[in-house]
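The block underneath contains the structure these notes are about, expressed in structure tokens.
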Amino acid sequence: MEVGIEDCLHIEFEYSKSKYHLKDVIIGKIYFLLVRIKLKNMELEIRRRESTGSGPNTYVETETLAKFELMDGESIPIRLFLSPYELTPTYRNINNKFSVKYYLNLVLVDEEDRRYFKQQEITMYRLLENS
């Protein structure tokens, strides 16, 4: 995932995979390739988007499940444990009336409180329990 403004800001966020089980760990790294604006803070969020209904009667609800402020540096390691959060598996278009999707959202805020963000969908799945 890349966040950038031409000739001012270029940040690369890499993480190990795009599919995670509900008790998994997101491991990644953020690289600052070009920074020519003054950043005040940076956050990483996990967001859930649920949609119900179809056509013009679709209702969408987005909820931020986790929000972490990230430290400064040239490269920032990320280790985000998913087990503390009440996650469900990803559901896509159940009877074209219901879906649940998850996103990693990287948010940058500059000194003038302008927000820059990049959002990438991740897939959550349930592990089969051995009995």
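Just so it is clear, the values below take in all heavy atoms, side chains as well, and ignore hydrogens, waters and symmetry mates. Small disclaimer: the values here were computed from a predicted structure and weren't measured.
Ring orientation note: the planes of Tyr91 and Phe98 are tilted relative to one another, at an angle of 30° to 60°.
A heavy-atom distance below 4.5 Å is not found between the side chains of Leu82 and His21. With contacts defined as side-chain heavy-atom distances shorter than 4.5 Å, the pair Leu87/Tyr20 does not qualify.
Scanning for side-chain hydrogen bond (donor to acceptor under 3.5 Å, both in side chains) contacts around Lys17 gives Asp24, with sequence neighbours left out. Every residue meeting the salt bridge (Lys or Arg N to Asp or Glu O under 4.0 Å) condition with Arg92, not counting sequence neighbours, appears here in chain and number order: Glu121.
Cluster membership for Phe81 and Ile27, using ILVMFWY side-chain heavy atoms within less than 4.5 angstrom, is shared. Leu22 and Leu127 are not part of a single hydrophobic cluster, where members link through side-chain heavy atoms under 4.5 Å apart. At a threshold of 4.5 Å between side-chain heavy atoms, the hydrophobic network of Ile, Leu, Val, Met, Phe, Trp and Tyr places Tyr85 and Leu106 in one connected group. A continuous path of hydrophobic side-chain contacts links Ile122 to Leu65 [ILVMFWY only; heavy atoms under 4.5 Å].
Taking every heavy atom of both residues into account, Ile76 and Met42 meet most closely at CD1-CE, 3.3 Å.
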Ignoring hydrogens and angles, write down the donor-acceptor pairs under 3.5 Å from the side chains of residues 43-51, residues two or more places apart or on other chains.
{"residue": "Glu45", "atom": "OE1", "partner": "Asn105", "partner atom": "ND2", "Å": "2.9"}
{"residue": "Arg47", "atom": "NE", "partner": "Thr64", "partner atom": "OG1", "Å": "3.2"}
{"residue": "Arg47", "atom": "NH2", "partner": "Thr64", "partner atom": "OG1", "Å": "3.4"}
{"residue": "Arg48", "atom": "NH1", "partner": "Glu86", "partner atom": "O", "Å": "3.1"}
{"residue": "Arg48", "atom": "NH1", "partner": "Tyr102", "partner atom": "OH", "Å": "3.1"}
{"residue": "Arg48", "atom": "NH2", "partner": "Glu63", "partner atom": "OE1", "Å": "3.2"}
{"residue": "Arg49", "atom": "NE", "partner": "Thr62", "partner atom": "OG1", "Å": "3.4"}
{"residue": "Arg49", "atom": "NH1", "partner": "Tyr103", "partner atom": "OH", "Å": "3.4"}
{"residue": "Ser51", "atom": "OG", "partner": "Ser99", "partner atom": "OG", "Å": "2.7"}

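Without hydrogens or angle criteria, Asn95 side chain to Lys97 main chain gives no donor-acceptor distance under 3.5 Å.
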(request) I would like to know whether Ile78 and Tyr15 meet side chain to side chain contact (heavy atoms under 4.5 Å, CB included); could you show each step before the answer? (result) CA-CA 8 Å; Ile78 303 294; Tyr15 44 97; over 6 Å; no

(request) Could you give me the CA-CA distance, side-chain angles and deciding distance for Met124 and Thr88, then say whether side chain to side chain contact (heavy atoms under 4.5 Å, CB included) is met? (result) CA-CA 7 Å; Met124 305 300 294; Thr88 62; over 6 Å; no

